[in-house]
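No hydrogens, no waters, no symmetry mates; every other heavy atom, side chains included, goes into these values. Here, residue 1 is the first one in the sequence, and each next residue gets the next number. A quick note: this is a predicted structure, and the numbers were derived from the prediction, not measured.
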Amino acid sequence: MNSDTEFARLWRTDVSGVELFSARLFHHAFSKHMHEEYTIGMNEGGQGQFLYRGETHRAYPTSFNLINPGEVHTGQAKSKAGWTFRNIYISVPLVEQIQAQLEWQGKGLPHFTQPVIRDQSLRFCFHTLFQALAEPASHLEQQSHLLEAFSQLFVRHGTPLYSWRSPKPETKATAIIRDYLESHYAENISIKTLTQLTGLSPYYLIRSFRQQVGLPPHSYQRHWQLVQAKRSLQTSKPLSQIAVEHGFYDQSHLNRAFKRAFGITPGQYQKSNSIQYG
């Protein structure tokens with residue numbers, strides 16, 4: 001694709017209440033419109049401009065656009081380099097569900113007061129979330145990233161102000177979760193299952209587990225999937241079969257995860273049964 005090619009894509013994810021949008025604009029301009037959902041925009045290249053609450057706002061790389069549900073706005077590129085950005089649209093019912101999982105004690109829905117913010121520490125969080133929603137990922141991974149990203153966004157840039165209770169060592173609950181994840185590592189587990197096992201709220205559970213183990217539950221499950229898949233690679237089973245048996249969506253999903261973890265592909269490991277670097 002040429003660097004000056006205009007494109008836009010809007011699609012539903014497999015998480016109910018979430019849609020994704022990716023675009024590079026040069027000439028197209030959005031007329032006045034509104035969304036029923038919260039809009040979290042991540043600006044990645046060029047410059048954009050939008051009218052919101054009677055004022056014109058500029059969207060620069062590394063900034064976020066935050067639009068509350070039902071608020072009228074426009075949008076267009078404002079530089080020769082165009083405007084490249086990605087949006088996450090999240091429905092009000094899902095935000096209410098996230099509030100409950102966060103043990104949100106404020107009254108009403110979160111409300112963004114500033115339409116453009118700069119928060120470098122949020123960028124990795126939201127790009128990781130976008131990736132987990134756009135590509136194959138487990139329910140546990142998607143739910144964990146949703147809670148992490150929106151907890152930080154609401155606390156730093158929403159009203160009313162709120163802070164979370166600090167996690168305590170939950171030794172028994174952590175042991176239960178570890179045993180369950182190891183025994184069911186190939187299953188598409190949800191955060192609800194883990195909360196039912198331990199009686200802890202979702203976000204508190206994730207933070208407490210990470211504090212004690214060093215990884216959140218979804219990363220611990222992925223680690224266990226890779227360990228077991230690595231053992232199976234010492235057999236003559238086809239890679240496609242190993243991938244599915246160990247909870248990966250397909251062989252390419254296993255390839256990406258395995259190479260990130262071990263530095264080589266499953267096929268290379270299966271062939272030589274050793275890791276060699278040039």
Discussion item. Tell me if the CD atom of Glu36 is crowded by more than 12 foreign heavy atoms within 6.0 Å.
Written reply: no

Practice prompt. Determine whether the side chains of His73 and Arg53 contain a donor N or O and an acceptor N or O closer than 3.5 Å.
Written response: no

Worksheet item: Any sub-3.5 Å donor-acceptor pair from Ser219's side-chain atoms to Leu215's backbone N or O?
Response: no

Worksheet item: With distance as the sole test, does Gln47 use its side chain to make a donor-acceptor pair with the main-chain N or O of Tyr60 at under 3.5 Å?
Response: no

Discussion item. Under a plain distance cut-off of 3.5 Å, with no hydrogens placed, do Ser63 and Asn43 share a side-chain donor-acceptor pair?
Written reply: yes

Item to complete: Ignoring hydrogens and angles, tell me if any N or O in the side chain of Ser144 forms a donor-acceptor pair with the backbone of Leu140 under 3.5 Å.
Response: yes

Response to the item:
Nearest heavy-atom contact between Pro110 and Val95 is CD-CG1, 4.0 Å

Worksheet entry | Presence of salt bridge, Glu148 and Arg210, under 4.0 angstrom | yes

Item to complete: Using the six-membered ring of Trp11, assess whether NZ or CZ of Arg9 lies under 6.0 Å from its centre and within 45 degrees of the ring axis.
Response: yes

Worksheet item: Do other residues, nucleotides or ligands put more than 12 heavy atoms under 6.0 Å from the CD atom of Glu96?
Response: yes

Worksheet item: For Phe209 and Thr198, what are the C-alpha separation, side-chain angles and deciding distance, and is it a side-chain contact (heavy atoms from CB on, under 4.5 Å)?
Response: CA-CA 11 Å; Phe209 187 91; Thr198 60; over 6 Å; no

Item to complete: Assign the ring pair Tyr249 / His253 to parallel, tilted or perpendicular, where the plane angle (0 to 90°) is split at 30° and 60°.
Response: tilted

Item to complete: Give the cluster check for Leu109 versus Ile40: same hydrophobic cluster or not, with ILVMFWY residues linked at side-chain heavy-atom distances below 4.5 Å.
Response: yes

Discussion item. Over 60° means perpendicular and under 30° means parallel, so tell me whether Phe154 and Tyr38 are parallel, tilted or perpendicular.
Written reply: tilted

Discussion item. Would Gln268 and Lys271 count as a side-chain contact (heavy atoms from CB on, under 4.5 Å) here? Give the steps.
Written reply: CA-CA 5 Å; Gln268 290 171 327; Lys271 183 178 180 180; 5.8 Å; no

Worksheet item: Taking Glu6 for the side chain and His28 for the main chain, is one N or O donor matched with an acceptor at less than 3.5 Å?
Response: yes

Item to complete: Kindly indicate whether a cation-pi arrangement holds for Lys230 with Phe262, taking the cut-offs as under 6.0 Å to the six-membered ring centre and within 45° of the axis.
Response: yes

Practice prompt. For Phe150 and Phe126, run ring pair (Phe, Tyr, Trp, His ring centres under 6.0 Å): C-alpha distance rounded to whole Å, both residues' side-chain angles, the deciding distance at 0.1 Å, then the answer.
Written response: CA-CA 9 Å; Phe150 282 95; Phe126 269 89; 5.4 Å; yes

Item to complete: Flag this pair as yes if the NZ/CZ of Arg24 is under 6.0 angstrom from the six-membered ring centre of Phe7 and inside a 45 degree cone about the axis; otherwise no.
Response: no

Fill in: Non-hydrogen atoms of Thr235 and Gln270 that approach each other most closely
O-NE2, 3.4 Å

Worksheet, complete the sentence: Note: Pro202 and Leu147 closest approach over all heavy atoms is CB-CD1, 3.9 Å

Fill in: Heavy-atom donor-acceptor pair, Gln221 side chain to Tyr185 backbone, under 3.5 Å
yes

Item to complete: Taking all non-hydrogen atoms of both residues into account, name the closest pair between Thr39 and His35 and its distance.
Response: OG1-CD2, 3.5 Å

Item to complete: Hey, could you give me the OG/CZ distance between Ser22 and Phe130, rounded to the nearest 0.5 Å?
Response: 5.5 Å

Worksheet item: What closest approach, in Å, do Pro61 and Gly46 show between heavy atoms, and which atom pair accounts for it?
Response: CD-O, 3.1 Å

Worksheet item: When you check the side-chain N and O atoms of Ser208 and Glu170, is any donor under 3.5 Å from an acceptor?
Response: no

Discussion item. Check for me whether Arg222 meets the cation-pi criterion with Tyr220, that is, NZ or CZ under 6.0 Å from the six-membered ring centre and within 45 degrees of the ring axis.
Written reply: no

Worksheet item: Does Glu19 use its side chain to pair, donor to acceptor, with the backbone of Tyr89 at less than 3.5 Å?
Response: no

Discussion item. Does either side chain, that of Arg123 or that of Thr62, offer a donor lying less than 3.5 Å from an acceptor on the other one?
Written reply: no

Worksheet item: Does Ile191 offer a backbone N or O that forms a donor-acceptor pair with the side chain of Gln143 under 3.5 Å?
Response: yes

Discussion item. Run His246 and Ser232 through side chain to side chain donor-acceptor pair (under 3.5 Å) and show every step you take.
Written reply: CA-CA 9 Å; His246 292 84; Ser232 290; 3.1 Å; yes

Worksheet item: Between Phe258 and Tyr269, how do the two ring planes meet: parallel, tilted or perpendicular, split at 30° and 60°?
Response: tilted

Item to complete: Give a yes or no on whether the backbone of Leu129 and the side-chain of Gln142 come within a donor-acceptor separation of less than 3.5 Å.
Response: no

Worksheet item: Could you go step by step and tell me if Arg207 and Gln211 meet the side chain to side chain donor-acceptor pair (under 3.5 Å) rule?
Response: CA-CA 6 Å; Arg207 290 181 296 140; Gln211 183 185 75; over 6 Å; no

Fill in: Joint cluster assignment, Ile98 & Leu20, ILVMFWY side-chain distance < 4.5 Å
yes

Practice prompt. Assert yes or no for the condition that the ring centre distance of Phe50 to Phe30 is strictly below 6.0 Å.
Written response: no

Practice prompt. I would like to know whether Phe64 and Val116 meet side-chain contact (heavy atoms from CB on, under 4.5 Å); could you show each step before the answer?
Written response: CA-CA 6 Å; Phe64 285 84; Val116 179; over 6 Å; no

Worksheet entry | Flag if over 12 foreign heavy atoms under 6.0 Å of CZ, Arg12 | no

Practice prompt. State the CD-CG distance between Gln97 and Leu102, to the nearest 0.5 angstrom.
Written response: 10.5 Å

Practice prompt. For the residue pair Tyr203 and Glu103, confirm or rule out a side-chain donor-acceptor distance under 3.5 Å.
Written response: no

Worksheet item: Cut-off 3.5 Å, side chains only: do Gln212 and Thr174 have a donor facing an acceptor?
Response: yes

Discussion item. Checking the side chain of Asn188 only, and the main-chain atoms of His139 only, is there a donor and an acceptor separated by less than 3.5 Å?
Written reply: yes

Practice prompt. Please lay out, stage by stage, how Phe21 and Ile88 fare under the test side-chain contact (heavy atoms from CB on, under 4.5 Å).
Written response: CA-CA 7 Å; Phe21 184 70; Ile88 299 176; over 6 Å; no

Discussion item. As a quick check of understanding, evaluate side chain to side chain donor-acceptor pair (under 3.5 Å) for Gln152 and Asp119, giving each step before the final call.
Written reply: CA-CA 10 Å; Gln152 299 303 317; Asp119 190 329; over 6 Å; no

Practice prompt. Please report the closest heavy-atom contact between Leu239 and Leu254, naming both atoms and the distance.
Written response: O-CD2, 4.2 Å

